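Since we're looking at a predicted model, the values are computed, not measured. Because only heavy atoms are used, hydrogens play no part in the values below, and waters and symmetry mates are left out as well, while side chains stay in. Just so we're on the same page: letters track the sequence lines, and every chain starts at 1.
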Amino acid sequence: MLIINCPWCGARPEIEFRYGGEAHIARPADPSALSDQEWADFLYNRTNPKGRHAERWRHIHGCGRYFNAVRDTVSDFFVATYKAGEPRPDIAGETK
Amino acid sequence: MQKFSGFELFRRALGGHKGWQPQWRTPEPKAEYDVIIVGAGGHGLACAYYLAKEHGITNVAVIERGWLGGGNTGRNTTIVRSNYLFDESAALYEHAVKLWEGLSADLNYNVMYSARGVLMLAHNHHDEISFKRHVHSNNLNGVDNEWLTAEQCKEFCPPLNISSMRYPIIGGALQRRGGTARHDAVAWGFARAADARGVDIIQNCEVTGIRRGPDGAVQGVETSKGFIGAKKIGVSAAGHSSVVMAMAGVRMPLESFPLQALVSEPVKPAFPTVVMSNTIHAYISQSDKGEMVIGAGTDAYTSYSQRGALHITTHTLDAICELVPQFRRLRMLRNWGGIVDVTPDRSPIIAKTPVPGLYVNCGWGTGGFKATPGSGNVFAHTIARDEPHPINAPFTLERFRDGFLIDEAAAAAVAH
């Protein structure tokens with residue numbers, strides 16, 4: 001089980017959280033202006049990287065708030081967690 | 001290829017079994033092939049086999065990062081069934097079941113397909129009406145599936161506890177032609193038969209890039225053993241499909257999740273069929289070695305780590321112990337994870353891509369093993385003819401753009 005560091009509550013076990021998928025996918029401001037392909041990209045296409053992944057989590061059995069995390073999908077190591085609305089931290093370094 | 005038969009076994013026995021040859025070669029890659037398949041799992045090897053057998057394309061390489069059959073082909077719970085709700089899915093999986101039924105003879109390799117039945121249990125009213133809808137839909141599509149009462153479930157599978165549990169069993173849907181097959185033998189059988197027709201299986205060779213020409217079409221793959229040319233490339237890389245497709249600049253509607261399974265210590269024959277329960281999340285069958293093979297759910301988060309959290313397996317074992325109380329004393333021998341690539345509608349993609357010469361077979365999610373021969377068969381057709389077989393024509397990449405989802409996730413028959 002993962003230990004996840006909620007930016008508001010601190011480190012808690014994974015079962016307190018709900019996974020929210022890839023982060024930083026903003027809903028288009030004017031959906032009707034999009035082509036079908038652009039809309040499909042927003043709805044369905046995902047980066048699904050092998051390595052650093054920016055993703056959303058929700059502390060559903062704690063503060064209830066969404067936040068973002070950068071996790072290495074090879075090791076499941078959490079590189080950072082940060083509050084929603086903050087930019088993705090630019091963290092250099094090898095995957096581990 | 002040495003043909004396997006009772007006579008051959010007897011003849012080799014007289015020679016002290018010293019005359020058996022390796023079942024496939026270990027070739028060095030040629031400079032160029034007609035078709036390259038990325039990924040030597042069941043689906044990729046089946047595709048290579050049918051390319052050679054049905055389309056006469058034998059100048060084929062199957063390139064594998066690890067060893068053949070070492071990914072999800074060797075990690076699944078070996079269940080075969082075709083009782084899917086929608087016409088498109090039923091046609092695809094039924095195509096596979098029909099191939100399963102003759103596969104051992106076709107490959108001259110015992111894949112141990114055992115039609116012992118797949119029983120899907122209903123625990124509430126929603127399950128009941130959903131499964132009955134599946135039964136009717138399946139029967140209209142020529143797929144066998146029948147409704148059993150709780151007592152009939154108990155009669156068909158005596159170890160089941162149908163009453164003294166939190167969510168008692170109120171019935172079940174039984175597909176008698178469903179069952180299991182030996183997963184390793186499927187990979188080995190396809191590898192041997194493909195190799196015998198001239199296919200090169202290149203193991204321990206990682207694809208690191210896909211080279212495209214000025215017109216955008218593929219020219220070949222960069223690998224850890226150097227560049228290998230091909231005008232057609234079929235990607236059959238399961239959990240790593242997003243990674244391989246990104247090498248050609250294609251973003252996929254896929255997310256990769258860990259899916260865990262576990263087996264018990266081997267015991268005498270005690271469980272006659274495959275039982276699945278979506279509602280309390282358990283599925284179980286007994287292998288011919290005697291182990292109880294148990295499938296757990298996917299973890300919540302995307303990962304390539306090939307392992308998952310213990311609370312996921314615990315949840316499944318709780319359900320197993322309630323469903324089959326006599327298994328409470330079984331010890332678990334080992335557990336493992338595989339990485340499954342899941343699409344938004346939980347149906348696979350077997351299709352051409354926007355890149356000329358690049359084909360993809362992915363998105364099988366938590367249930368690809370059952371489709372292995374059918375998937376390879378229609379993927380081979382798609383690559384050879386540069387157009388889909390009627391069976392896989394609906395399973396395009398463009399269905400997500402055009403809104404023609406095959407929404408088996410909403411159909412809620414399968415244990416996700």
Side-chain angles (χ1 to χ4, degrees), chain A residues 1-6 12-25 28 31-32 34-62 66-81 95-96, chain B residues 65 206 208 237-247 249-258 260 298-315 337 339-347 349 353-354 362-363 396-405 407 409:
Chain A
M1 186 179 298
L2 307 176
I3 303 295
I4 302 174
N5 193 29
C6 171
R12 301 292 167 85
E14 175 195 337
I15 48 170
E16 290 190 14
F17 297 85
R18 177 83 44 90
Y19 185 63
E22 186 170 348
H24 306 299
I25 298 176
S32 59
L34 264 54
S35 70
D36 287 352
Q37 187 57 54
E38 288 166 336
W39 187 243
D41 287 340
F42 162 68
L43 275 186
Y44 299 124
N45 288 346
R46 293 294 177 264
T47 312
N48 197 22
K50 187 175 185 178
R52 301 280 168 90
H53 185 227
E55 60 195 18
R56 301 189 306 165
W57 288 85
R58 186 177 176 208
H59 195 184
I60 192 162
H61 297 300
Y66 273 103
F67 60 92
N68 293 327
V70 174
R71 181 175 52 91
D72 192 312
T73 61
V74 178
S75 62
D76 294 334
F77 177 80
F78 278 89
V79 181
T81 55
T95 56
K96 60 180 176 179
Chain B
R65 183 173 66 113
E206 181 173 359
T208 54
H240 282 70
S241 294
S242 294
V243 178
V244 176
M245 293 301 285
M247 295 172 189
V250 181
R251 263 172 80 83
M252 298 294 289
L254 291 174
E255 289 187 295
S256 296
F257 294 94
Q260 298 181 78
T298 49
D299 280 77
Y301 48 84
T302 63
S303 178
Y304 290 82
S305 64
Q306 290 191 326
R307 65 185 171 194
L310 197 58
H311 68 267
I312 303 287
T313 45
T314 307
H315 177 64
I339 301 302
V340 298
D341 46 324
V342 176
T343 58
D345 61 0
R346 302 301 192 266
S347 288
I349 299 164
T353 70
C362 66
T396 62
L397 199 50
E398 290 77 28
R399 71 176 187 266
F400 298 101
R401 179 194 67 199
D402 300 336
F404 292 102
L405 302 192
D407 204 350

Review point. Out of B:Leu310, B:Val243, B:Leu254, which one racks up the most heavy-atom pairs below 4.5 Å with chain A?
Key: B:Leu254
Check your understanding: Where on A:Glu38 is there a heavy atom nearer than 4.5 Å to chain B: the side chain, the backbone, both, or neither?
Key -> neither
Practice item. Could you tell me whether the side chain of A:Asn68 reaches within less than 4.5 Å of the side chain of A:His24, counting heavy atoms only? Key: yes
**Study point:** A:Trp57/A:Tyr19 aromatic ring centres below 6.0 Å
**Key:** yes
Review point. How about A:Ile3 and A:Arg12: do any of their side-chain heavy atoms sit closer than 4.5 Å?
Key: no
Revision key, fill the gap. Comparing A:Ser35, A:Pro49, A:Gly20 against chain B, the one with the most heavy-atom pairs below 4.5 Å turns out to be A:Pro49
**Study point:** Between B:Ser256, B:Ala246, B:Gly239, the one whose heavy-atom pairs under 4.5 Å with chain A are most numerous
**Key:** B:Ser256
Review point. Would you call B:Arg346-B:Asp407 a salt bridge at under 4.0 Å N-O?
Key: no
Check your understanding: Looking at B:Phe404, is B:Arg399 sitting on its ring face, NZ or CZ under 6.0 Å from the six-membered ring centre and within 45 degrees of the normal?
Key -> no
Check your understanding: A:Ile4 versus A:Phe17: any side-chain heavy-atom pair under 4.5 Å?
Key -> yes
Point to revise | A:Arg71 portion near chain B, given a 4.5 angstrom heavy-atom threshold | key: side chain
Practice item. Could you tell me which portion of A:Thr47 (side chain, backbone, both or neither) has an atom closer than 4.5 angstrom to a non-hydrogen atom of chain B? Key: both
Exercise for review: Please check if any side-chain donor atom of A:Asp76 sits under 3.5 Å from a side-chain acceptor atom of B:Ser305, or the reverse.
Suggested key: yes
Check your understanding: Which atoms of B:Leu397 come close to chain A, meaning under 4.5 Å heavy atom to heavy atom: side chain ones, backbone ones, both, or neither?
Key -> neither
Revision key, fill the gap. Residue from A:Glu22, A:Arg18, A:Gln37 scoring the most non-hydrogen pairs under 4.5 Å with chain B is A:Gln37
Review point. With a 4.5 angstrom heavy-atom cut-off, which part of A:Leu2 approaches chain B: side chain, backbone, both or neither?
Key: side chain
Revision key, fill the gap. From the list B:Ala309, B:Ser241, B:Pro253, the residue making the most non-hydrogen contacts under 4.5 Å with chain A is B:Pro253
